[in-house]
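From a predicted model like this one, the values you see are computed outputs, not experimental measurements.
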Amino acid sequence: MTVSHIDTAHTNNDSLDSQLAIDEGTHTVAPLDNKTSDDTADSRHGAATTARQWQVLSQLQRNRWVGTTHVYEQLILAGFDISLRTVQRDLNALAKRFPIEKNNANPQGWRWEDDAPLQSLPHMNLSQAVAFNMVEANLSQLLPPVILDELFPWFDLARRQLKHSKVTHSWIDRVRIEPATQPLIAPHIDLDSKDNIYHALFYQLQIKACYTRSNKSQASEYILNPIAIIQRGVIIYLLATRTDDSENIIRTFALHRFATVEILESAAKTPDNFQLDNYLDAGGMGFSHPLFSQLPNHGKYTAIELQFTKQAGKSLTESKLSDDQIVTINSDESLTIQATVNLTSQLVWWLRGFGNGLLDAKPELLHQAVLDKELDSH
């Protein structure tokens, strides 16, 4: 990552080395352009000082005072062999060139000034590095390339931050996100097609796509209006309308079935009053159930009551179905769960997973859907 674009009120566009390579004893800028062996050693010393002082700056926050001891401890964890006094000298020296301030408390605290332009300073502490690492591992599939390109330097910085930390160097091997359902292997997606779809969606442009439907062996060519991206399990879907469809029906296209995608210059058209959440709540992704069409709003925001055995319902005492959930422990130690949810096929499938652990369900249509597998909506 280059650092030549750092711009703060206190830098006057100086290079990073000239700002941070400050001699610990005299607070003068270390020379970097001479060729003698002594000067080479000074240059190495200046580079080490730059790295250390960069880490000092990375520990400071805008809205909270950070103590000198905390900064010192974080640098020790990051592998720097220094003293508390060195950190104190660094902070005082950096305050002359960067928009940071100290308070008069005991112990003393430091922070970035309120108007400090931090957006141009690629600093990162260990907690932030962990967060970026998890974003890269778990959300990269859903982020458009234009955003991934912007985030890549931060992902790279996070990896290096974790790699060089004595405490968190093995963090990647210590954290996992496990799916609650049977894990499946994601189908192969043509990367060029995926990138073009995300680009078109991001900039609201139409696409010309070569797409093979699940019930066909030959691909067809469509001009599509991209509307939204949805990931369900390991499958990523594009919501779009076809320009040759006079009814303007919103359709789902699995990304792994695209062979080629060309971005067009024409603007994509989104149906009037389209709201993604409303579309999903109405069962737009195939989550509707035929029985629930008999209920008001097709079962949306319906009060339900579920009775579980003690063991089966235990997890719901910790992970709620809804914010208004009420748990009642019955005399026979069974649990009654009351909540307001959307009645969908997904809810039906989930309740079936409890088997005999689900003792009863209300309204009656919900219980009937759980018991009658022949009524599943495909």
Side-chain angles (χ1 to χ4, degrees), residues 134 138-139 141-142 175-184 186 227-237 239 249-252 254 271 273-378:
M134 296 185 72
N138 297 288
L139 294 181
Q141 286 289 329
L142 288 176
V175 177
R176 293 291 184 271
I177 296 179
E178 279 293 299
T181 57
Q182 176 64 32
L184 301 173
I227 297 174
I229 288 288
I230 298 172
Q231 180 166 352
R232 189 171 73 185
V234 297
I235 307 296
I236 302 176
Y237 296 93
L239 292 187
I249 297 174
I250 298 175
R251 306 171 189 267
T252 58
N273 301 319
F274 173 82
Q275 294 291 333
L276 182 57
D277 288 338
N278 293 339
Y279 175 84
L280 295 174
D281 289 344
M285 287 297 293
F287 277 5
S288 60
H289 195 283
L291 282 179
F292 303 147
S293 63
Q294 305 174 32
L295 298 174
N297 296 321
H298 297 274
K300 187 176 180 180
Y301 304 126
T302 300
I304 65 171
E305 184 176 300
L306 309 172
Q307 186 177 357
F308 294 95
T309 62
K310 179 181 179 180
Q311 187 62 31
K314 182 179 179 181
S315 63
L316 289 175
T317 63
E318 299 174 352
S319 301
K320 294 182 177 181
L321 276 172
S322 66
D323 290 334
D324 64 352
Q325 175 175 297
I326 298 174
V327 179
T328 303
I329 302 176
N330 304 315
S331 58
D332 59 356
E333 294 193 341
S334 65
L335 300 179
T336 297
I337 308 293
Q338 296 173 295
T340 302
V341 300
N342 295 329
L343 300 188
T344 63
S345 287
Q346 187 175 30
L347 174 65
V348 171
W349 299 332
W350 177 72
L351 289 174
R352 285 177 185 166
F354 287 95
N356 294 332
L358 177 65
L359 302 176
D360 193 14
K362 296 178 182 178
E364 180 59 31
L365 281 178
L366 175 59
H367 200 199
Q368 183 181 345
V370 173
L371 297 177
D372 194 346
K373 298 181 180 180
E374 294 184 0
L375 287 173
D376 280 351
S377 173
H378 300 286

Discussion item. Ignoring hydrogens, what is the shortest heavy-atom contact between Ala339 and Ser322? Give both atom names and the distance.
Written reply: CB-OG, 3.2 Å

Worksheet item: Closest approach of Ile329 and Glu333, non-hydrogen atoms and distance?
Response: CG2-CA, 4.4 Å

Discussion item. Is it the case that the side chain of Gln368 and the backbone of Glu364 share a donor-acceptor pair, with hydrogens and angles ignored and the cut-off at 3.5 Å?
Written reply: no

Worksheet item: Can you check whether Gly299's main-chain N or O pairs, donor with acceptor, with Asn342's side chain at less than 3.5 Å?
Response: no

If you define the side chain from C-beta out and look only at heavy atoms, does anything of [X] sit under 4.5 Å from [Y]?
{"X": "Thr336", "Y": "Val327", "answer": "no"}
{"X": "Asn278", "Y": "Lys300", "answer": "yes"}
{"X": "Phe274", "Y": "Leu239", "answer": "yes"}
{"X": "Thr328", "Y": "Ile337", "answer": "no"}
{"X": "Leu321", "Y": "Leu316", "answer": "yes"}
{"X": "Leu343", "Y": "Val348", "answer": "no"}
{"X": "Gln338", "Y": "Ile304", "answer": "no"}

Discussion item. Filter on side chain to side chain donor-acceptor pair (under 3.5 Å), then keep only pairs touching residues 311-320, sequence neighbours left out; what's left?
Written reply: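 Found none.
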
To the nearest 0.5 Å, tell me how far [X] [atom1] sits from [Y] [atom2].
{"X": "Gln231", "Y": "Ile229", "atom1": "CD", "atom2": "CD1", "result": "10.0 Å"}
{"X": "Gln275", "Y": "Asn273", "atom1": "CD", "atom2": "CG", "result": "8.0 Å"}
{"X": "Thr340", "Y": "Tyr301", "atom1": "OG1", "atom2": "OH", "result": "10.5 Å"}
{"X": "Thr302", "Y": "Leu365", "atom1": "OG1", "atom2": "CG", "result": "10.0 Å"}
{"X": "Leu371", "Y": "Leu351", "atom1": "CG", "atom2": "CG", "result": "10.5 Å"}

Worksheet item: Leu347 and Leu366: side-chain contact (heavy atoms from CB on, under 4.5 Å), yes or no, with the steps?
Response: CA-CA 9 Å; Leu347 174 65; Leu366 175 59; 4.1 Å; yes

Item to complete: For Phe308, check ring-ring contact (aromatic ring centres under 6.0 Å, His included) against everything at least two apart and list the hits.
Response: Phe354

Worksheet entry | side-chain contact (heavy atoms from CB on, under 4.5 Å), paired with Thr309, selected from Leu359, Leu358, Leu335 | Leu359

Fill in: Contacts of Ser334 that satisfy side-chain hydrogen bond (donor to acceptor under 3.5 Å, both in side chains) - sequence neighbours left out
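Here the qualifying residues are Gln307, Asn330, Asp332.
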
